[in-house]
Each structure stands twice: as structure tokens, then as C-alpha cells.
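What follows is one structure encoded as C-alpha cells, with my remarks underneath.
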Amino acid sequence: MLNINDSITKLKSIGEKRAQLFSKLGVNTIYDLLTFYPRYYDDLTNPVNIGETLPEQKYCIKAKITAPVAEHRIRKNMVIYKTKASDGSGSVNITIFNNKYAAASLKMGSEHLFYGRVTANFLQREMSAPEVLPVSEQIIRPVYRQTDGISSRIIAYAVKQALSDAEIHESLPEDIIKKHRLTNIKEAYKNIHFPASQGALDDARYRLIFEELLTMQLGIKLIGQPKSELNAPVVKIDYTREFFDKLPFEPTSAQRRAAAEAVADMQTGVPMKRLLQGDVGSGKTAAAAAVCYTCIKNGMQAAFMAPTAILCEQHYRSFLKFFRGTGIKSALLLGSATAKEKKIIYEQLATGEIDFIVGTHALLNDNIMFRNLGIVITDEQHRFGVEQRASLISKGQNPHLYVMSATPIPRTLSLAIYGDLKVSVLDEMPPGRTEIKTYCISSAIRERAYNYIKKHLDKGLQAYIICPLIEQGEDESLVSAEEYAEKIRRTSFRNYSVGLMHGRLSAKEKDAVMNAFAKGDIQLLVSTTVVEVGVDVPNAAVMLIENAERFGLSQLHQLRGRVGRGEAESCCILVTDNKSETTKQRMKIMCSTSDGFVIANEDLKLRGPGEFFGNRQHGLPSFKIADIIRDIDILKTAQHEAEDIIKRDNTLSGALYVQLKSNVEALFEQVGIEALN
Ligand code: ADP
Ligand code: MG
């Protein structure tokens, strides 16, 4: 018997050469092969009556040959064979190209399966080049992701060998299998590749998805677990009221409630783990500042991590304003700081001279030590992985964690991504916000939109134009920010000052552009999505977004949130020439609601989690079979089970969990975290 961790070259059908091709598919071991799940299946088990087939759809039919095969030589290398087949409900003309072997099997009166597209020609149905299979092949057939030189058939053959030659041990404890009535692992592998029936396939999928999600949830819980309980820094006195009283505006009741919820958590001595959700502009920063202020006044240091330099700078400015006259010493740490600047900051963090630091990933540097880090705040669009938060947290003695997010996601999902955290919601907007009118237009009437923008610029207001790319790339249909700015400077906007902003500018250049825009020296800013989060220029009243179909709805909503921050009535113009139904539907949602929660939910539904969270930006391991949105019910079950397991054995050290533990480790190795230690 082969071991599941053996190389696939131990299988008879796979030599060195083929193994190299398999490696391109990420398949190196027998385990990789067994978990290389089919992309979809051809269901040949239920042949359809010919009389019920509709044109232009793919079917499996089971029919007898009713006419002798006629052979026509079309060209030198092209022979076509024509015949007719019938199943009693109707008949279909069959055409086979060049395949002498298939044609020879089509004897008068013999019965076969034909799998392919049905077309209709003057009421007579036809199948052109169908797959011809023996009647015994009425199976659910796996279809795999292929690569050059490796067909689905070759993969299926190798999997069959693996199933018969390798020793497959159960990975889940017996009681869990019983409790959830799971198929055992061997059956599950067998049926995920070669389903005996639709029911067997469903059971296999359930078992494998459950196991994958359980493994993920165990990892998240183990990473997020405080090393020892009940020794988090304690907030003794609540200073949030003192903080709010100093603000130039009246906090919303949602902001007061959120701050109070956080403070209550931090009074218990257990590390807080809380998510602060609120739509764009709901005032998350002020709420978070109240929480920080309270921690700092209680003698702790606070660290605030944001994904981009622009965002950090802006938060830093806001906090300086919030903390003015309080004696709190704040600092900003970006990757672009000089070695000397960094050294000073590191020293002052270690001595405790700095109370509050804002920074990018630069905060994760190994040389950074805090004297008394009491709270970690992250502001993110799912840009920080579990391991990055964990890494910052490890710089303190069980500090509190406060995660800010503008994208509301279902409770189960936030648990899946952030671990076991509580949620505060800012469900109320500060007063005086006006609705941002949103329109969708085609590029044909772009000039009219330009005139509309000019009218605003002439009134002393400002505007953004967002493009999906920095420079012109392969995809000619996409508008690049660089060329765009150049062009409108020469043409439509030659009498205005046009600025250009994109992620490849240096931090200094970005600063200069942002400052010029904030001061009003730049009237019209052409930009990529770097302005997406946080940027706050209240005098900007119009935003035009090119290739709007390219952006996710939540991203469009974030972008749109850059206008409508001042007194003036604001508007957002989405430009797209994409005519697909999905695009139409998505644009309609954007034009009809300004509720970020509704938009995020639609976005999730329309795009699925992969795109929604961006390319693995959520920092979770990638899944082989599970989909955390589609499988949200299984995710819930897995969450409960993970909780139960952790309650019984919070390090997974028991003999029962040996296999499970090593699976958790393997899963999280991909994202570079040691889940267990
Ligand atoms: P978010 O991060 O939730 O998008 P911000 O915290 O950036 O929102 O707040 C947006 C703007 O609203 C900021 O200029 C902020 O100073 C202001 N603001 C926050 N809370 C209030 C409030 N209660 N009343 C008036 N303005 C507020
Ligand atoms: Mg913000």
C-alpha cells in the first residue's frame, strides 16, 4: 500500500514527465491528487428523451441506430460519417468527423449514449460530433481542471489508482463523524471523484466541505486565542465622555454606544476582540479615537494600523486634531521613513514616550517593542491577514483588538475571518449629510458629463475622475489614469488644473498631490483607486468613474463616499459601455441605494467571496472545495464544532486530534502562520 504523502510518481500511470505536468496543477503527492477535486461533472445517468431536447443545449441521450452509416470524404484529411438514431420519443441525425473508430461502432440497431449539443435544422434534430459512449457508461463523470498534456481522463485514471493503491486514514475523530453523520473519508474521496449517485456526491461534498471549514475554524480559534486568560490590561476609568465633550461636534448616539461597548469589554480583564462596522462617513474614526483615548488615559500605549500610507497620514492628522491639548504624544510610522527616523520612533515606543502610533505594515517590524501596548486598532478593507493582526498583538501582553471595517458582512463570516469577535455597528449617520445622486451613462455622452463637472469647477468646487489602470496595458478597453490625465489636460479641461494620483507615485509625490488637492490648487484629480479609502476633501462634489463595471460594488460605494462630505450637493457618474445583465443590475443597485449594508450584501451575492474579498486579501488559507458564502450553513456548524473541540482541548494535544491538528498546521502554513505553539 502507498502512503498518502508519497509522490504521485509511485502510481503506475505517472512517470517523471507526467509528474512534472501534474506539478503545474499543484499536484505533487497522492494527497494532492485525492484532493484535486473535479471542477464539475457530466451527468450521464439520466438520458433525456430526444423528443424533449431543446436546440443549443447539451444533452445525454440514449438511442438506437436506425440508418446505415454513410461515409463522405470532404477533403483529403476529412471524412464525415452520417447516421440517424432514435429512442422512440424522436430521432436525431448524428454526424461524426474523422473518427473511424466511433463510426464503426454505430451498427444498425445498436444502442449507445450520445453526449453533446443538440441543434435543430428544419425541425430535424441534429447532433454534430457527439461523444459516443457504451450504454454501460451511465455514470456521473468527473471533469477536472486540465493543463497541456494532461486531460481530464488522465487525471481520472490516476485518481482511480490512488484510491485503490493508497492507504487512507480517517482524519476526523469518530464522535464527530457520528454526531454529524458524515461519510467516512475513503467513501468521501471515492464519491467526490466517481459519484455512485447524486446523493453519494452530496454526502461526499458535505463531508469534505465540513472538514475543510472545521480545520480553518480551529486554526482561527487557535491563533486568536489569548495565551493565558484574564490578564489583559484593564481599563479602570471610562474617559469616553471627557473625549466626546472636547469634540467640535456632537457624537451620534451610535458612536457613544460603540465606544461604551468597547470600554465595557476592556474593563473585564479579558482581551477585547471587537469589530466596529459602519458605513462610509458614519464616523468610525472618532469612535475609535474615543476608545484609544480611554486606553491611553489608563496608562496604555495604542497602535493603529492601516493598509496604505495615504490612509495612515490622514488618520494621523485626524487623531492629532482629536488629541490636541491632551498631552498625548502621537507618532506616524511609514515604510518610507528613514532609518534614523525609525530608530527614534522605536526607542520612544520602547520607553513609552510615544502613547499613540499610527502606521502601515511597518509597525510589524521585529525591532519594534512597546513598553505597554494595550490596544491594537486596525482599519481595513479585509487587507490584513489573521497573521498580521496576530503579529502586532504579540507585541503586547494580551492587548485589546479593535477592528474597523466599512464593509458589513454577515455575522458568521466575520467570525470566520476575524475569529471570535463581538460586533458594534454605527447604524446612524452624522447629521447634515446629503444624498449623493448617482447616474450611469455610456461613454458616448461623456462630454456632457465633462460639461457638468466644469460647471462645478467654475463654482469653486472640485472633482475626481477614477480610472481602473495606472498606465495603458494589454487591455485596450480599459482607461488608464496617466493617459487620461494627459488627454484631458490637452482637450476638455485645458483651462483647469488637473492632477494625477496613483499607487506608483512615491509617498512624497502622493503627499504633494493630495495636499494640492486638499488646498484647492488642483481642481480635478484623475486617480486610480488609491483614493478609495478614507480620503477626505469636503470641497469635492463630483466623481466620475470610468469603466465602472470593473469595480466591485463595495469598492464603488467606498469611492463614491469621497464626495458628499461638504455642504454642496454631490453626485457620482458611473461610465460604462458594458451591456451585460450583471453590469446592468449592479449599476442599478448603485444608482438606487446609498446604504452600504445593502450594497455589500448584493456584492457578496453577485461576486462570491473570492472577488468580494479581493485576491486572498482576507489572509485566510485558500479552499479546495468550500466557499464561505455558498456554504455558510456548513460554516456555522463547523464553527460550533470548533468551539466544542477547543473547549475540550484548547491546544489539540489529545490523541484524538493528532490528524486534525496536523491538518490545521498544513492549512495555515500556506499563509505563513504558525497556528499552534
Ligand atoms: P468613516 O471612517 O466611518 O468613513 P470618518 O470617521 O472618516 O468616517 O468621519 C467622516 C467625517 O465625519 C469626518 O470629517 C469626521 O470628522 C466627521 N464626523 C464624525 N463624527 C461626526 C459627528 N458625530 N458629527 C459630525 N461630524 C462627524
Ligand atoms: Mg474612515
Side-chain angles (χ1 to χ4, degrees), residues 240-262 274-293 302 304-308 310-324 326 330 356 358 377-384 402-409 423-436 462 464 514 517-518 529-541 543 554-568 570 572 594-597 599-600:
T240 51
R241 160 162 279 185
E242 183 180 301
F243 175 83
F244 284 135
D245 284 347
K246 282 205 248 282
L247 283 182
F249 47 75
E250 181 65 20
T252 63
S253 50
Q255 284 170 316
R256 282 190 195 278
R257 189 180 58 234
E261 285 167 352
R274 194 172 271 281
L275 179 67
L276 175 63
Q277 286 189 337
D279 205 346
V280 188
S282 60
K284 291 183 291 294
T285 317
V291 173
C292 273
Y293 181 80
F304 189 122
M305 185 162 69
T308 64
I310 292 188
L311 202 50
C312 283
E313 282 160 2
Q314 189 169 300
H315 278 309
Y316 180 63
R317 279 196 292 272
S318 308
F319 275 92
L320 281 183
K321 257 189 251 164
F322 287 142
F323 293 162
R324 190 174 294 152
T326 61
S330 307
F356 176 68
V358 182
I377 304 116
T378 63
D379 181 13
E380 57 189 310
Q381 277 290 89
H382 313 285
R383 284 207 172 93
F384 295 117
Y402 204 37
V403 178
M404 292 160 57
S405 171
T407 313
I409 49 176
V423 183
S424 296
V425 183
L426 296 183
D427 51 5
E428 186 185 348
M429 283 289 179
R433 295 280 151 83
T434 53
E435 176 114 359
I436 304 160
Q462 289 163 282
Y464 296 97
M514 263 344 279
F517 190 58
T529 54
V530 285
V531 296
E532 178 187 337
V533 255
V535 170
D536 193 16
V537 178
N539 193 45
M543 173 175 282
S554 294
Q555 202 178 11
L556 287 174
H557 183 62
Q558 281 284 335
L559 284 165
R560 175 170 69 177
R562 299 310 108 209
V563 295
R565 303 187 144 237
E567 318 272 270
S570 296
C572 174
S594 56
D595 184 332
F597 285 60
I599 289 170

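Each ligand, and each atom within it, is numbered from 1 in the order the structure gives. Throughout, numbering of the chain's residues begins at 1 and tracks the sequence.
The closest approach between a heavy atom of Pro251 and any atom of ligand 1 is below 4.0 Å. In this structure, Asp279 is part of the shell of residues with a heavy atom less than 4.0 angstrom from ligand 1.
With ligand atoms numbered from 1 in the order given, ligand 1 contributes 22 (C), 23 (N), 24 (N) to contacts under 4.0 Å with heavy atoms of Glu250. Every atom of ligand 1 with a heavy atom of Thr252 under 4.0 Å away is listed here by number and element: 23 (N). Here is the list of ligand 1 atoms found below 4.0 Å of a heavy atom in Pro430: 20 (N), 21 (C), 22 (C), 24 (N), 25 (C), 26 (N), 27 (C). Near Val280, meaning under 4.0 Å from one of its heavy atoms, ligand 1 places the atoms 4 (O).
A donor-acceptor pair under 3.5 Å is absent between the side-chain atoms of Glu261 and the main chain of Ser424, judged by distance alone. Judged by distance alone, with hydrogens and angles left aside, the side-chain atoms of Gln255 form no donor-acceptor pair with the main-chain N or O of Ala286 at under 3.5 Å. A distance-only check finds no donor-acceptor pair linking the side chain of Glu435 to the backbone of Ser594 [under 3.5 Å]. Remark: side-chain polar atoms of Arg562 are paired, donor with acceptor, to backbone N or O of Gln558 under 3.5 angstrom. Looking only at distances, no side-chain donor or acceptor of Arg560 sits under 3.5 Å from a matching main-chain atom of Met543.
In this pair, Phe322 and Phe249 present their aromatic rings perpendicular. The plane angle is above 60°, beyond the 30 to 60° band.
Residues forming a ring pair (Phe, Tyr, Trp, His ring centres under 6.0 Å) with Phe319 (at least two apart in sequence, or on another chain): Phe304, Phe323, Phe356.
Contact annotation: for Met404 versus ligand 1, there are no heavy atoms closer than 4.0 Å.
Inclusion of Gly283 in the set of residues having an N or O under 3.5 Å from an N or O of ligand 1 is warranted. An N or O contact shorter than 3.5 Å links Gly281 to ligand 1 by distance.
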